[in-house]
Colleague: 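The following block contains the structure, expressed as structure tokens.
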Amino acid sequence: MWQLLPQTALLLLVSAGLQAADLPKAVVSLVPPWDRVLQEDSVTLQCKGEHPPGNKSTKWFHNGNLLSNEDSSYFIADARVEHSGEYRCRTNLSTLSDPVQLEVHEGWLLLQSLKREYKVGENIHLRCHTWKNNFMHKVTYLQNGRGKRYFHENSDLHIQEATANDGGLYFCRGLIGKKNISSETVNITIRGSISPPISALLPWHQVTFFLVLMLLFAVDTGLYVSVQRNLQNSSRNWKDHKFKWNKDPLSK
């Protein structure tokens, strides 16, 4: 890595007594923040990292290949499928960033999410995005095949404080002109879920009903066992009892 550093930056590192392992890691971010876009969308990748005085050059990598751009931002004006893949960056005083994945899709409609995996309590943000931002109306967001939310005109879906029940396969559909269009599905995972108690799942009157039902069942079972025991005792007494028959005097 030292051979890739400009001489000025190398002198600064040596004078400061720094090692490569001591350098901060660069960070790549997307603007807008969606990692799934449609063809012909505009995308900007920004690299945040430390620079030596007077030198703002940045190294960009796409699927491991060095790009010619040396600005702190990498702008894609007209996204194509070939722009899909893994992006990383590095500055003169920062190490290689973690990868950021970009997916460029073909089609009229795309469901976008800030991320695929959320924690319980986090807010979920979904967007039903049309090609070239065409106007769309009568928009429905669906979860596991069932309608989640309907909008007369296209709008983002915000789910506050996600629970385990908010996970699953999502897609959106709506009308672009007179065409009914549906997006592909996106799997949203909720981590850190805890199974709620039955009282949290059912209204209080339903909980009371089930408790009374269980109590009646227990009483009925007790009565059944008691009756069965009495019948068995009566049968045993009948078998053990000896009858004495007297002859009729007229039979003599």
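All values below were derived from every heavy atom in this structure, side-chain atoms included, with hydrogens, water molecules and symmetry-related copies excluded.
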Colleague: Start with the C-alpha distance between Leu66 and Lys59, add both sets of side-chain angles, then the distance that settles side-chain contact (heavy atoms from CB on, under 4.5 Å), and finish with yes or no.
Modeller: CA-CA 7 Å; Leu66 180 64; Lys59 301 293 183 183; 4.1 Å; yes
Colleague: Out of curiosity, does Leu126 fall in the hydrophobic cluster containing Val120 (side-chain heavy atoms, cut-off under 4.5 Å, transitive links)?
Modeller: yes
Colleague: Does a side chain donor of either Ser73 or Asp71 reach within less than 3.5 Å of an acceptor in the other side chain?
Modeller: no
Colleague: Given 3.5 Å as the limit, does a donor-acceptor pair link the side chain of Arg88 with the main chain of Ser97, or not?
Modeller: yes
Colleague: Do side-chain atoms of Thr91 reach the backbone of Glu50 as a donor and acceptor pair under 3.5 angstrom?
Modeller: yes
Colleague: Regarding Asp156 and His125, do their side chains bring together a donor and an acceptor under 3.5 Å, going by distance alone?
Modeller: yes
Colleague: Can you get from Ile190 to Tyr141 by hopping between Ile, Leu, Val, Met, Phe, Trp and Tyr side chains that sit under 4.5 Å apart?
Modeller: yes
Colleague: In Å, rounded to the nearest 0.5 Å, how long is the span from SG of Cys47 to CD of Glu70?
Modeller: 12.0 Å
Colleague: Could you give all pairs that pass the side-chain hydrogen bond (donor to acceptor under 3.5 Å, both in side chains) test and reach residues 24-36, with sequence neighbours left out?
Modeller: Lys25-Asp98, Asp35-Arg116, Arg36-Glu103
Colleague: Without swapping roles, check the side chain of Glu184 against the backbone of His105 for a donor-acceptor pair under 3.5 Å.
Modeller: no
Colleague: Ignoring hydrogens and angles, state whether a donor on the side chain of Glu86 or Asn63 is under 3.5 Å from an acceptor on the partner side chain.
Modeller: no
Colleague: Please answer whether the main-chain N or O of Leu109 pairs with a side-chain N or O of Thr130 as donor and acceptor at a distance below 3.5 Å.
Modeller: no
Colleague: Could you measure the distance from the OG1 atom of Thr44 to the CG atom of Leu30? Nearest 0.5 Å is fine.
Modeller: 9.0 Å
Colleague: For the residue pair His129 and Asp41, confirm or rule out a side-chain donor-acceptor distance under 3.5 Å.
Modeller: yes
Colleague: Any side-chain donor-acceptor pair under 3.5 Å between Thr58 and Tyr74?
Modeller: no
Colleague: Among residues at least two apart in sequence or on other chains, which ones pass side chain to side chain contact (heavy atoms under 4.5 Å, CB included) with Lys56?
Modeller: His51
Colleague: Assigning hydrophobic clusters by single linkage (Ile, Leu, Val, Met, Phe, Trp, Tyr; side-chain heavy-atom cutoff under 4.5 Å), is Leu111 placed with Ile188?
Modeller: yes
Colleague: Please answer whether the main-chain N or O of Asn92 pairs with a side-chain N or O of Asn55 as donor and acceptor at a distance below 3.5 Å.
Modeller: no
Colleague: Taking side chain to side chain contact (heavy atoms under 4.5 Å, CB included) as the test, write out the residues that go with Ile159, two or more places apart.
Modeller: Ile124, Lys148, Leu157, Asp166, Tyr170
Colleague: Can a donor-acceptor pair be found, under 3.5 Å and without considering hydrogens, that links the side chain of Asn123 to the backbone of Glu161?
Modeller: yes
Colleague: When hydrophobic residues are tied together by side-chain contacts of less than 4.5 Å, even through go-betweens, does Ile181 share a cluster with Val186?
Modeller: yes
Colleague: What's the separation between atom CG in Leu45 and atom SG in Cys89, rounded to the nearest 0.5 Å?
Modeller: 9.0 Å
Colleague: Show the nearest heavy-atom pair for residues Thr140 and Gly147, with the distance to one decimal.
Modeller: CG2-CA, 4.4 Å
Colleague: Using a strict 4.0 Å threshold on nitrogen-to-oxygen distance, state whether Lys115 and Glu122 make a salt bridge.
Modeller: yes
Colleague: Without placing hydrogens or testing angles, list every side-chain donor-acceptor pair under 3.5 Å for residues 132-139, not counting sequence neighbours.
Modeller:
from: Lys132; atom 1: NZ; to: Glu40; atom 2: OE1; distance (Å): 3.3
from: Asn134; atom 1: ND2; to: Trp131; atom 2: O; distance (Å): 2.4
from: His137; atom 1: ND1; to: Leu175; atom 2: O; distance (Å): 3.4

Colleague: Less than 4.5 Å apart, side chain to side chain, heavy atoms only: is that true for Val43 and Tyr87?
Modeller: no
Colleague: So Val81 and Gln39, do their side chains get closer than 4.5 Å, heavy atoms only?
Modeller: yes
Colleague: Can you sort out the partners of His83 under ring-ring contact (aromatic ring centres under 6.0 Å, His included), two or more places apart, ordered by chain and number?
Modeller: none
Colleague: Check the pair Val104 / Glu82 against side-chain contact (heavy atoms from CB on, under 4.5 Å), numbers first and verdict last.
Modeller: CA-CA 8 Å; Val104 182; Glu82 52 266 29; over 6 Å; no
Colleague: Transitively linked via ILVMFWY side-chain contacts under 4.5 Å: Leu67 with Leu102?
Modeller: yes
Colleague: Could you tell me which residues satisfy side chain to side chain contact (heavy atoms under 4.5 Å, CB included) with Ser155, sequence neighbours excluded, listed by chain and number?
Modeller: Phe151
Colleague: Once you round to the nearest 0.5 Å, how far does CH2 of Trp108 lie from CD1 of Ile176?
Modeller: 6.0 Å
